[in-house]
Student: 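Got a structure for you, questions after.
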Amino acid sequence: MRIVIVSLALGVSIACSRGSFDGFMASGDRYVSARKFAEAAIEYENAARLDGRSAQVQVKLGEAYLALEQPANAAAAFEEACQLDQHDTAVCLRAASQLLATGQFDRAMAPARAVLAVDRFNLDAQLILASALAGTRRFADAEERLEAVLAVSPSDARVYNALGDVQSQRGHSQAAEASYRHAVQLDPISPAPRVSLAKLLFDSRRAADGEKELKAALAANPDDVDANRAYASYLVGTDRCEDAESYWKKAAMESNDVEDWLSLADYYVWSSRPDDALKVLAEVGTRDTTGAVRARTASILYDRGDHDKASTMVDELLDRDPSNVSGLLLRARMAIDAHDTARARDYAHRAATIAPNDAAVRDMLATLSESEQ
């Protein structure tokens, strides 16, 4: 379900305005030009209510949601645009890729197939469909599709890289390595197959070979987000944390993903530089729609002894989003420090109901269990 931005304002706008479809569209375009994307989304929503058959307004709405860093909402808008005009392969490809990126594998298949119904040789759609099939654990179907694509596109590195991903997910590590190496041979400049190969080599306990691939990827593409992220993680995992900073920073600066900024902030916390962490979080705070930045900020403030400010911040976070796991765990930690075990247990169990497999949740439950023994 799409999140409605500023629902009260939207309702008032619909109820009281006599604006036309073209008027709302023009207003939305003006807001986009002024980089006021929340306001633009409201205007495009208004236009969509007046004409539910317009694929164009759904595309514009999706772009506004992307600018607001609401990928799930963007995916829903692009998906609707594709459903309205299944012959527009560009829009349907966008829908499929966005649904795939947000982990909605089942839903990504329909727009990918819509593209293939118009252009059965469309390579991007074939790759997305194969990835979606693998995402739903239909590995044999995904691999069969990619093998068929290779019959007509034997020199495209992306197909071998995708095939390697599927083979890796199936546990066929030798076949996956061969596919990744073939992709690297076909396109030695592209970072994707080298990063994929490096991860496979790390999993196979061939760290030196994996590091060699990441260094080659970074030498050819020093600004690549995935390569910088992977190398920073590798350095941390091999106790060379001091060397990881430049790679975390590069990944954050080149990425549109708030998670990369959070990783950089976590690095600064680890290195006892809370002021730098807070500065990073302040820079990205306006882009965060999940509450993760606010939760991290509250945690750092609490660790620094600013308990009142941290408490106020986490309460505001949980008022807005009672299911925020990080906020619940921080509240549990505060309760433990206040020797209020019953309250801490309540917060921890609420977090466990939402995210039972989360490592931090399990750690908190273990801590509480130990304290009660």
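Only a predicted model underlies this, so the values are computations on that prediction, with no experimental measurement involved.
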Student: Looking at residues at least two apart in the chain, or sitting in another chain, which of them share a ring-ring contact (aromatic ring centres under 6.0 Å, His included) with Tyr302?
Tutor: His307
Student: Run the side-chain contact (heavy atoms from CB on, under 4.5 Å) test on Glu245 and Arg273 for me, step by step, so that the C-alpha distance in whole Å, both residues' side-chain angles and the decisive distance to 0.1 Å come before the verdict.
Tutor: CA-CA 12 Å; Glu245 179 177 357; Arg273 295 158 62 185; 3.0 Å; yes
Student: If I compare all heavy atoms of Ala295 with all of Ser326, which pair ends up nearest, and what's the gap?
Tutor: CB-CB, 3.6 Å
Student: For residues Gly28 and Tyr44, report the shortest heavy-atom separation together with the two atoms involved.
Tutor: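 That closest heavy-atom pairing would be C-OH, 3.2 Å.
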Student: Salt bridge (charged side-chain N to carboxylate O under 4.0 Å, His left out): which pairs involve residues 316-330, sequence neighbours left out?
Tutor: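 Passing the test, one end in residues 316-330: Arg294-Glu316.
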Student: Could you list all the disulfide (SG to SG under 2.5 Å) pairs where at least one residue sits in residues 172-206, not counting sequence neighbours?
Tutor: none
Student: Do the side-chain N and O atoms of Thr102 and Gln104 include a donor-acceptor pair separated by under 3.5 angstrom?
Tutor: yes
Student: Please, which pairs that meet disulfide (SG to SG under 2.5 Å) have at least one residue in residues 41-96, sequence neighbours excluded?
Tutor: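 Disulfide (SG to SG under 2.5 Å) check on residues 41-96 returns Cys82-Cys92.
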Student: With a 3.5 Å cut-off and sequence neighbours excluded, list the donor-acceptor pairs that the side chains of residues 200-208 form with protein atoms.
Tutor:
| from | atom 1 | to | atom 2 | distance (Å) |
| --- | --- | --- | --- | --- |
| Ser204 | OG | Leu200 | O | 3.0 |
| Arg206 | NH1 | Glu177 | OE1 | 2.9 |
| Arg206 | NH2 | Glu177 | OE2 | 3.1 |

Student: I'd like to check the side chain to side chain contact (heavy atoms under 4.5 Å, CB included) partners of Ala175; sequence neighbours left out, ordered by chain and number.
Tutor: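 For Ala175 the side chain to side chain contact (heavy atoms under 4.5 Å, CB included) partners, ignoring immediate neighbours, are Gln167, His172.
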Student: To which residues is Leu100 joined in a hydrophobic cluster, defined by side-chain heavy-atom contacts under 4.5 Å among Ile, Leu, Val, Met, Phe, Trp and Tyr, whether direct or through other members?
Tutor: Leu93, Phe105, Val115, Ile128
Student: Say you draw a straight line from CG of Leu150 to OG of Ser155; how long is it, rounded to the nearest 0.5 Å?
Tutor: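 Rounded to the nearest 0.5 Å, the CG-OG separation comes out at 9.5 Å.
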Student: Please walk me through it: do Val159 and Gln126 pass side-chain contact (heavy atoms from CB on, under 4.5 Å)?
Tutor: CA-CA 9 Å; Val159 185; Gln126 295 281 13; over 6 Å; no
Student: So, taking the atom named CG in Asp315 and the one named CG in Leu317, what distance separates them when rounded to the nearest 0.5 Å?
Tutor: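 Spacing of CG (Asp315) from CG (Leu317) equals 9.5 Å.
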Student: May I ask you to say whether Glu213 pairs ionically with Arg181, meaning some side-chain N is under 4.0 Å from a carboxylate O?
Tutor: yes
Student: To the nearest 0.5 Å, what is the distance between CG on Leu235 and OH on Tyr247?
Tutor: 6.5 Å
Student: Looking only at heavy atoms, which two atoms of Ile189 and Asn221 are closest? And how far apart?
Tutor: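 For Ile189 and Asn221, the tightest heavy-atom pair comes out as O-ND2, 2.6 Å.
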Student: Mind listing the closest non-hydrogen atom pair of Ala112 and Ala125 along with its distance?
Tutor: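 So the two residues come closest at O-CB, 3.8 Å.
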Student: If you look only at pairs with a residue in residues 193-278, which of them pass as a disulfide (SG to SG under 2.5 Å), with sequence neighbours excluded?
Tutor: none
Student: Compile the donor-acceptor pairs under 3.5 Å between side chains in residues 356-366 and protein atoms, sequence neighbours left out, one pair per line.
Tutor:
| from | atom 1 | to | atom 2 | distance (Å) |
| --- | --- | --- | --- | --- |
| Asp358 | OD1 | Ala360 | N | 2.8 |
| Asp358 | OD1 | Val361 | N | 3.3 |
| Arg362 | NH1 | Asn357 | O | 2.5 |

Student: Mind jotting down which residue pairs meet the salt bridge (charged side-chain N to carboxylate O under 4.0 Å, His left out) criterion with at least one end in residues 231-241? Sequence neighbours excluded, please.
Tutor: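 For residues 231-241: Glu211-Arg240.
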Student: Before you tell me yes or no, could you show the steps for Val91 and Asp85 under side-chain contact (heavy atoms from CB on, under 4.5 Å), namely the whole-Å CA-CA distance, both residues' side-chain angles and the distance that decides it to 0.1 Å?
Tutor: CA-CA 8 Å; Val91 168; Asp85 187 0; over 6 Å; no
Student: Supply the members, apart from Val280, of the Ile/Leu/Val/Met/Phe/Trp/Tyr cluster built from side-chain contacts under 4.5 Å; use none for a lone residue.
Tutor: Val236, Trp248, Met253, Val258, Trp261, Leu262, Leu264, Tyr267, Tyr268, Val269, Trp270, Leu278, Leu281, Val284, Val293, Ile300, Leu301, Met313
Student: How far apart are the closest heavy atoms of Tyr180 and Ser168, and which atoms are they?
Tutor: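 That would be OH-CB, 4.1 Å.
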Student: Any chance you could measure Arg30, atom CZ, to Lys36, atom NZ, to the nearest 0.5 Å?
Tutor: 11.5 Å
Student: Can you tell me how far CE of Met334 sits from OG of Ser299, rounded to the nearest 0.5 angstrom?
Tutor: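 Between Ser299 OG and Met334 CE, I get 8.0 Å after rounding to 0.5 Å.
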Student: Are the charged groups of Arg229 and Asp226 less than 4.0 angstrom apart, N to O?
Tutor: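 Looking at Asp226 together with Arg229, the answer is yes, because their closest N to O distance falls below 4.0 Å.
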Student: Between Asp165 and Ser196, is there a side-chain heavy-atom distance shorter than 4.5 Å?
Tutor: yes
Student: Restricting to pairs with a member in residues 113-125, which pass salt bridge (charged side-chain N to carboxylate O under 4.0 Å, His left out), not counting sequence neighbours?
Tutor: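 For residues 113-125: Asp124-Arg158.
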Student: Which pair of heavy atoms, one from Gly62 and one from Phe78, lies closest together, and at what distance?
Tutor: C-CZ, 3.6 Å
Student: Quick check for you: to the nearest 0.5 Å, what is the distance between Met25 atom CE and Leu50 atom CG?
Tutor: 11.0 Å
